[in-house]
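To start, the structure itself, in structure tokens.
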Amino acid sequence: NAGVTQTPKFQVLKTGQSMTLQCAQDMNHEYMSWYRQDPGMGLRLIHYSVGAGITDQGEVPNGYNVSRSTTEDFPLRLLSAAPSQTSVYFCASSYRTGNNAYTFGSGTRLTVV
Amino acid sequence: SQKIEQNSEALNIQEGKTATLTCNYTNYSPAYLQWYRQDPGRGPVFLLLIRENEKEKRKERLKVTFDTTLKQSLFHITASQPADSATYLCALARSLKAAGNKLTFGGGTRVLVKP
């Protein structure tokens, strides 16, 4: 019963580099989302998806891309990393209706230098 | 603009007492509200969900109230234990069925239960 798996757990990037944060869930959840968590700012929604092939922007989408080719996977791409993207990133999933409790991954701590 | 406010100051409480946390919101008409627990270095974990037409929800030592007139939810931990020490987040969503199931989170309140 893995739940939501995020990789890597830690990453250091240089400014301008690109990378992909991986997120996979095995609960057959339709809804998946990416949040970033910064001190004093709480969790802010970056992108979300209501099902395979469907994605949309959240509150802070600039500098990030997503795709959803399967129900299980929802990778987050940083196109050209900036120090302002230093944060802890969480992936979450839930059923689309009914019990809407989110299941979160354990997070990726990203530092951009 | 929409705002969800939780007390940013840590709540220090003696073991055995009841901890009460507040979540206030403005410019928002949520269909339901959720509470999560987050331990350092971990992702949030779901605790309770309360719908707009419910006044109160309980789960073991936890109790949540939801007052849509005051635009406020209270989260109570009764008979608190040191193991309850964590940050507690409230989150609101507009609809149970609308596409997106987007949750907007408050900044969280840290609780420290002293033995």
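We use all heavy atoms of the structure for the numbers below, so side chains are in, but hydrogens, waters and symmetry mates are not. In this text, all values refer to a predicted model and were calculated from it rather than measured experimentally. A note on names: the letters A, B, ... follow the listed sequences, proteins ahead of strands, and every chain is numbered from 1.
Not counting sequence neighbours, the partners of A:Y89 by the ring-ring contact (aromatic ring centres under 6.0 Å, His included) test are A:Y64. Residues satisfying the ring-ring contact (aromatic ring centres under 6.0 Å, His included) test with B:Y36, not counting sequence neighbours, are A:F104, B:F46, B:F105.
Within a 6.0 Å sphere centred on CZ of A:R44, heavy atoms belonging to other residues, nucleotides or ligands number more than 12. Residue B:Q14 qualifies as enclosed at atom CD: its count of foreign heavy atoms under 6.0 Å is above 12. Within a 6.0 Å sphere centred on CZ of A:R77, other residues, nucleotides and ligands contribute more than 12 heavy atoms.
From B:L103, atom CG reaches atom OH of A:Y31 across 7.0 Å, with rounding to the nearest 0.5 Å. In this structure, the separation between CD on A:Q37 and CG on B:L89 is 6.5 Å, given to the nearest 0.5 Å.
Both A:V66 and A:L13 are members of a single hydrophobic cluster when ILVMFWY side chains are connected at heavy-atom separations under 4.5 Å. In the hydrophobic clustering of this structure, B:F75 groups with B:V111; members are Ile, Leu, Val, Met, Phe, Trp, Tyr whose side-chain heavy atoms approach within less than 4.5 Å, directly or through other members. Follow the hydrophobic side-chain contacts under 4.5 Å out from A:M19 and you reach A:V60 in the same cluster.
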Validation: residues 15-24 of chain B side-chain donor-acceptor distances under 3.5 Å, sequence neighbours left out:
from  : atom 1 : to    : atom 2 : distance (Å)
B:T20 : OG1    : B:H76 : ND1    : 3.0
B:N24 : OD1    : B:Q72 : NE2    : 2.9

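For chain B, the nearby part of A:L45 is the side chain; its heavy atoms alone come within less than 4.5 Å. For A:Q6, no part lies under 4.5 angstrom from a heavy atom of chain B. Looking at B:L47, neither its backbone nor its side chain comes within 4.5 Å of chain A, counting heavy atoms on both sides.
The candidate with the highest count of non-hydrogen atom pairs below 4.5 Å against chain A, out of B:S8, B:P44, B:G43, is B:P44.
At a heavy-atom separation below 4.5 angstrom, chain A is approached by no residue within residues 52-60 of chain B.
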